Amino acid sequence: MGEFTAPKGTKDILPGDSPRWDRFFAAVEAVYKNYGYGRIDTPIFEKENLFARGIGDGTDIVNKEMYAFVDKGGRKIALRPEETAGVVRAYLEHDLGRSNPLVKVYYKGPMFRYERPQGGRQRQFWQVGVEALGSADPALDAEVIDCALESLGAAGLEDLTLHINSVGCPTCRPGYTKLLRAYVQAAPDKFCQTCLNRAETNPLRVFDCKNSGCAVALREAPLITAYLCTDCADHFASVLTALQFIGVAAEPNPRLVRGLDYYTKTAFEIKSTALGAQDAVAAGGRYDGLVEQLGGPPTPGIGFAVGVERVLLATETIEQPATRPDVYVATLGPKARRAGLAAARLLRRGGFAVAVDFSDKALKKQLNYADKAGAAFVLIVGDEELASGAYVVKNMGSGEQTALDPESLESWLRSQRSEGT
RNA sequence: GUGAUCGUAGCUCAAAGGCAGAGCACCGCACUGUGGCUGCGGUGGUUGGGGGUUCGAGUCCCCUCGGUCACCCCA
């Protein structure tokens with residue numbers, strides 16, 4: 001290992017891996033388009049205060065995990081830790097809501113969080129996701145969740161579970177968190193120090209504690225479901241009904257909470273049983289107050305994000321076909337190499353994937369390379385072929401060889417291909 | 001950020017303080033212009049890095065870098 005290695009928590013995507021990534025993106029993007037989402041690309045960095053304002057400056061993401069720096073112009077900049085804030089910023093900046101009551105966008109790209117890496121958690125990681133801005137209808141929640149599940153299914157994931165909750169809204173949540181805080185603080189000896197701290201700062205998160213003592217002590221704790229305001233309770237009930245109606249199985253979990261401040265009402269997580277502790281492959285929810293929070297008109301919104309590396313980890317065992325050339329050009333000598341290059345150029349223009357051999361090794365070796373690359377045909381060009389004007393094409397499956405003049409190569413290969421299908 | 005554990009050839013892994021190895025991959029020969037199979041041979045290492053203990057360290061100790069697991073956090 002030399003001096004230069006990829007920074008901690010980052011990974012190269014090598015040519016051997018990239019076909020899996022390509023297939024993943026092709027599969028999920030097709031689903032998002034079917035659900036009516038158009039792609040949006042926003043900058044990888046934004047003004048730092050966008051995230052502080054949008055995600056919440058009480059959150060760990062903003063407090064401890066942001067890649068923030070001052071640029072040469074003295075601007076405070078941060079690498080994006082998630083995409084929703086950037087999308088909402090673009091939505092407002094371009095006034096997308098003016099000409100369209102329901103704006104639906106999807107995104108894909110790298111996100112950055114300064115965390116301690118482990119399997120399924122990196123400092124630079126990829127997310128895809130969607131955001132729908134402009135409707136508060138609970139049926140939209142169901143459509144968004146369905147879209148998330150469909151895209152994960154298209155990516156090859158099985159054994160997914162949908163966990164769903166309502167985290168309330170500014171009308172009802174404060175009253176509930178007050179109750180929960182009081183519940184914890186009434187029995188300080190039964191809870192760990194972390195929970196006691198959380199009771200102070202973010203009471204909902206006590207439900208995340210893995211400590212068995214705390215879990216026992218929380219058994220009788222008040223649950224948010226019972227304290228939602230009429231609006232939130234009706235909304236949640238409608239979402240569950242809609243999911244049931246379209247046939248999506250959901251596990252309501254009144255202890256499910258989210259780490260980002262902007263979530264309101266519907267919050268959900270999709271978990272894969274194929275993963276360890278980092279088992280949430282997708283998560284999202286409603287953020288009806290965020291647009292207003294960022295200076296826009298009151299506009300409801302909902303979306304989700306998918307952790308691409310996590311999906312790829314969970315589908316790792318699925319067999320992936322490699323990309324292979326249609327034609328491998330074996331060349332014997334510099335003159336033949338030029339002729340082979342010309343033939344390859346024409347074939348590529350005709351839509352064939354062509355690899356030219358530059359090794360100048362024995363034909364035997366070149367055929368060996370072609371075999372390893374998985375080529376369907378090998379075009380042999382050497383002194384004999386140059387002299388006769390007829391190139392040899394070898395079918396690597398049958399071993400059959402055909403002599404053809406260079407002009408008729410393309411049409412011959414095309415006829416072979418249509419025969420094969 | 002906390003705790004634990006691991007790091008040996010391109011890859012997967014051996015070597016229980018005493019000669020750094022195997023399989024796969026790669027290169028060559030049998031087979032000089034015809035692949036897959038087989039046989040034989042070969043290249044390849046500051047044992048992640050630095051320091052220490054010891055006659056002797058891949059192995060023990062300390063520091064550091066990186067991975068992994070759990071916490072934390074979250075996609």
Side-chain angles (χ1 to χ4, degrees), chain A residues 1-11 14 16 55 59-65 81-84 107-129 148 152 192 194 197-198 202 205 208-211 256-260 263 267-272 275-285 303-314 328 330-333 336 357 359 361-387 392-401:
Chain A
M1 195 74 63
E3 178 188 356
F4 295 112
T5 55
K8 180 169 178 154
T10 66
K11 276 184 181 168
L14 301 174
I55 300 169
T59 62
D60 282 3
I61 290 183
V62 169
N63 263 338
K64 309 198 289 202
E65 299 176 359
E82 56 100 55
E83 181 62 27
T84 304
Y107 59 85
K108 63 170 180 180
M111 307 294 159
F112 305 85
R113 292 180 199 174
Y114 190 88
E115 297 189 273
R116 178 114 166 221
Q118 67 185 73
R121 189 169 77 183
Q122 294 168 207
R123 292 185 172 181
Q124 175 178 331
F125 61 100
W126 282 68
Q127 286 189 337
V128 295
L152 293 172
C192 67
T194 324
N197 293 342
R198 282 169 174 161
N202 191 353
R205 303 227 48 239
D208 278 344
C209 190
K210 307 272 196 313
N211 188 314
L256 172 69
V257 295
R258 306 267 68 219
L260 286 62
Y263 283 113
F268 63 94
E269 264 180 23
I270 300 170
K271 296 189 177 190
S272 164
L275 296 174
Q278 313 300 328
D279 60 351
V281 290
F304 65 81
V306 174
V308 179
E309 284 86 354
R310 289 184 185 179
V311 173
L312 261 26
L313 267 178
Y328 191 97
T331 58
L332 301 160
D357 191 297
S359 71
K361 297 203 179 196
L363 176 59
K364 173 186 176 51
K365 196 69 206 172
Q366 298 193 38
L367 284 166
N368 184 252
Y369 289 144
D371 189 52
K372 235 175 295 184
F377 293 93
V378 172
L379 177 66
I380 300 172
V381 187
D383 292 337
E384 293 171 18
E385 287 73 19
L386 290 178
V392 172
V393 183
K394 184 183 178 84
N395 181 320
M396 292 298 275
S398 64
E400 209 178 316
Q401 298 198 166

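Bear in mind that the values here come from a model prediction, so they are computed numbers and not experimental data.
When atom types are taken as modelled, the side chain of A:E309 and the backbone of A:W126 share a donor-acceptor pair closer than 3.5 angstrom. Proximity of a side-chain donor or acceptor of A:R310 to a complementary backbone N or O of A:D279 within less than 3.5 Å is not detected. No side-chain donor-acceptor contact under 3.5 Å links A:E83 to the backbone of A:K108. Listed for the A:E400 side chain is no donor-acceptor partner under 3.5 Å among the backbone atoms of A:K394. In this structure, A:Q122 contributes its side chain and A:Q124 its backbone to a donor-acceptor pair below 3.5 Å.
With 3.5 Å as the limit, one finds no donor-acceptor pair spanning the side chains of A:Y369 and A:D357.
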- Query: How does protein contact run along nucleotides 66-75 of chain B, one letter per nucleotide 5' to 3', with B for base contact, S for sugar-phosphate only, - for none, heavy atoms under 4.0 Å?
  - Reply: SSSSBBBBBB

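Looking at A:N368, its side chain has no donor and acceptor atom pair within 3.5 Å of the base of B:G35. Donor-acceptor pairing under 3.5 Å, judged by distance alone, is absent between the side chain of A:Q366 and the base of B:U34. Taking 3.5 Å as the limit, the base of B:U34 and the side chain of A:K364 contain no donor-acceptor pair of atoms between them.
A:Y114 carries A:R123 over the face of its six-membered ring, with the cationic atom under 6.0 Å from the centre and within 45° of the normal.
Taken together, the paired segments of RNA chain B that extend over three or more consecutive Watson-Crick or G-U pairs, each closer than 3.5 Å at both contacts, are B:1-7 with B:65-71, B:10-13 with B:21-24, B:26-30 with B:38-42, B:48-52 with B:60-64.
Going from atom CD of A:E400 over to atom P of B:G35 covers 17 Å, rounded to whole Å. Here B:G35 presents its P atom at 6 Å from CG of A:L367, a figure rounded to the nearest Å.
Not one side-chain nitrogen or oxygen of A:Y369 sits closer than 4.0 Å to the OP1 or OP2 atom of B:C26. Distances shown here put a side-chain N or O of A:K361 below 4.0 Å from the OP1 or OP2 atom of B:G28.
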- Item | Trace of the side-chain contact (heavy atoms from CB on, under 4.5 Å) decision for A:R113 with A:F125 | CA-CA 8 Å; A:R113 292 180 199 174; A:F125 61 100; 3.6 Å; yes

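When the C1' atom is compared between B:U5 and B:A9, the two are found 24 Å apart, to the nearest whole Å. Of the P atoms belonging to B:C69 and B:C62, the separation is 25 Å, rounded to the nearest Å. Here, B:U59 and B:C6 have their C1' atoms 14 Å apart, quoted to the whole Å. Look at the P atom in both B:G41 and B:U46: the space between them is 26 Å, to the nearest Å. Comparing the same atom, C1', in B:G10 and in B:C72 gives a spacing of 36 Å after rounding to whole Å. Separating the C1' atom of B:G66 from that of B:U54 is a span of 29 Å, rounded to the nearest Å. Spacing of P atoms, B:C65 relative to B:G58, comes out at 23 Å, to the nearest Å. When the C1' atom is used for both B:G50 and B:U12, the distance is 28 Å, rounded to whole Å.
Using a 4.0 Å heavy-atom criterion, one finds that A:A330 contacts no nucleic acid atom at all. In this structure, A:K394 reaches the bases: a heavy-atom distance under 4.0 Å links it to at least one base atom across the strands shown. Counting non-hydrogen atoms under 4.0 angstrom, A:G399 reaches a base of the nucleic acid.
A pairwise comparison of heavy atoms in A:Y107 and A:A305 identifies OH-CB, 3.4 Å as the closest pair. Heavy-atom minimum distance, A:L313 versus A:G120: CD1-N, 3.5 Å.
Mapping A:Y114 and A:D383 onto RNA chain B via the closest heavy atom, the residue that lands nearer the 5' end is A:Y114.
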